[in-house]
Amino acid sequence: MPSQPTPPVDSARLMSIQSYLLAEEDKHPGATGRFTWILSAIGLATKFIAARCRRARIENVLGALGTENVQGETQQKLDVIANETLLSCLGSRAGLAIVASEENEEPLLLRTETDGERPYIALFDPLDGSSNLDTCGSVGTIFSILQHDRRADSPHEAIRQPGTQQVAAGYVLYGPSTVMVLTTGHGVQMFVLDPTIGSFLLVEENVRIPETAKTYSLNEAYTATFPEEYQRYLAWAHESGYSSRYSGAMVADVHRVLVKGGVFMYPPTQKAPNGKLRLMYEANPMAMLVEQAGGKAYSGLQRTLEIEPEALHQRTSVIMGSAAEVDHVLDHLRG
Ligand code: AHG
Ligand code: MN
Ligand code: MN
């Protein structure tokens with residue numbers, strides 16, 4: 001069948017992320033704009049990070065910095081640049097009380113609240129999959145927004161909230177194009193950066209994840225060290241005609257699952273018995289997006305968003321994606 005011609009951009013419906021957020025704010029009488037202001041800081045920071053990633057080879061900022069982050073992982077130069085960019089853009093936003101990042105051991109208390117408004121907390125993985133940069137592979141930024149409970153004794157205590165409490169979550173994928181996928185708890189919206197005008201433009205409202213697709217995404221080289229139930233799932237998937245895709249950047253892999261369906265997993269391994277991914281700024285925001293798009297997200301047999309966190313940098317295993325595909329994995333975990 002001849003392919004359909006691509007429809008031209010509908011300039012009558014052009015909607016930037018700023019316009020989208022302001023229109024959303026209008027629907028909530030009493031909204032003060034602080035939340036919108038925080039999301040716009042993330043938009044600005046990620047546009048800057050996208051540009052730095054694109055110029056990384058030319059600016060000679062590829063490769064490792066020679067330092068380790070709090071989790072003993074080698075920091076890439078761009079991990080640090082991305083972190084500083086987000087901290088600097090978010091730091092000036094009055095509605096933000098606390099920021100916490102993969103690259104900083106401690107959460108940062110920006111301000112103790114003043115004017116009666118309930119302030120927010122932002123958690124982020126500034127650059128996910130950063131080792132992909134050396135090979136011009138996709139990387140991303142992941143963020144999670146919580147409300148600050150002023151009764152908390154310390155920033156650590158304030159951020160210890162389960163993923164169900166997130167008021168917004170999203171990621172930005174720096175690939176052939178720069179894509180922002182965002183939820184504020186009312187479905188999932190997708191924006192693409194138009195570099196010619198410097199704006200994220202709305203390209204899809206209410207993104208829905210396909211119900212099923214025979215694709216799994218995990219680091220299959222670790223199979224021998226996965227718990228047996230995962231090995232049985234993989235044997236079943238091999239017999240059932242599945243395909244696999246894995247880029248080494250969670251943002252890129254989950255984005256593909258969101259668009260095309262399938263299941264993304266990082267099971268417990270011998271090296272990382274609790275899983276490798278971080279609950280607060282990797283698993284939880286991605287789990288919220290996947291659920292808001294109609295999919296499922298689990299850590300073992302527990303819904304990821306219901307895990308009661310103990311620490312900012314705690315790790316978890318993850319199984320997330322199309323509902324039917326997550327169910328196939330859970331069926332194997334139940335035995
Ligand atoms: P980060 O670069 O922020 O440390 O995250 C890397 C993560 C995640 O993006 C990816 O899914 C996973 O690590 C890949 O780990 P393996 O190399 O062990 O498969
Ligand atoms: Mn990461
Ligand atoms: Mn990272």
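Quick note: numbers below take in every heavy atom, side chains included, and nothing from hydrogens, waters or symmetry partners. Owing to the predicted nature of the structure, the values given are computational and were not obtained by experimental measurement. Just so you know, ligand 1 is whichever comes first in the structure, and atom 1 is the first atom listed for that ligand.
For Q76, the heavy-atom gap to ligand 1 stays at 4.0 angstrom or more. D79 does not count as a contact of ligand 1, since none of its heavy atoms falls under 4.0 Å from the ligand. Using a 4.0 Å heavy-atom cutoff, L127 is listed among the residues neighbouring ligand 1.
Using cut-offs of 30° and 60° for the angle between ring planes, the Y216 and H238 rings count as tilted. The aromatic rings of Y171 and H255 lie perpendicular to each other, with more than 60° between the two planes, well past the 30° mark. Taking the six-membered ring where the residue is Trp, Y222 and Y266 present tilted rings, their angle falling between 30° and 60°.
When N69, L277, V318 are checked for heavy-atom proximity to atom 7 (C) of ligand 1, L277 turns out nearest.
In N219, the part holding a heavy atom less than 4.0 Å from any atom of ligand 1 is the side chain. The parts of S130 lying near ligand 1 are both backbone and side chain, judged by heavy-atom distances below 4.0 Å. Under 4.0 angstrom from ligand 1, there are no non-hydrogen atoms of Q75.
Within the 3.5 Å criterion, the main-chain N or O of K276 finds a donor-acceptor partner in the side chain of R315.
Residue-environment remark: CZ (R232) exceeds the threshold of 12 foreign heavy atoms within 6.0 Å.
Aromatic rings from Y120 and F35 are positioned such that their centres are separated by under 6.0 Å.
Listed by number with element, the atoms of ligand 1 under 4.0 angstrom from any heavy atom of G129 are 1 (P), 2 (O), 3 (O), 5 (O), 6 (C), 9 (O). Applying the 4.0 Å criterion to heavy atoms of R278 picks out, from ligand 1, the atoms 1 (P), 3 (O), 4 (O), 5 (O).
Across all their heavy atoms, H313 and S101 have their closest contact at CE1-O, 3.3 Å.
Just one of D331, L333, L330 meets the side-chain contact (heavy atoms from CB on, under 4.5 Å) condition when paired with E229; it is L333.
Neighbouring protein atoms of the Mn ion (ligand 3) (N, O or S, distance under 2.8 Å, waters ignored): E102 OE1, D125 OD1, L127 O.
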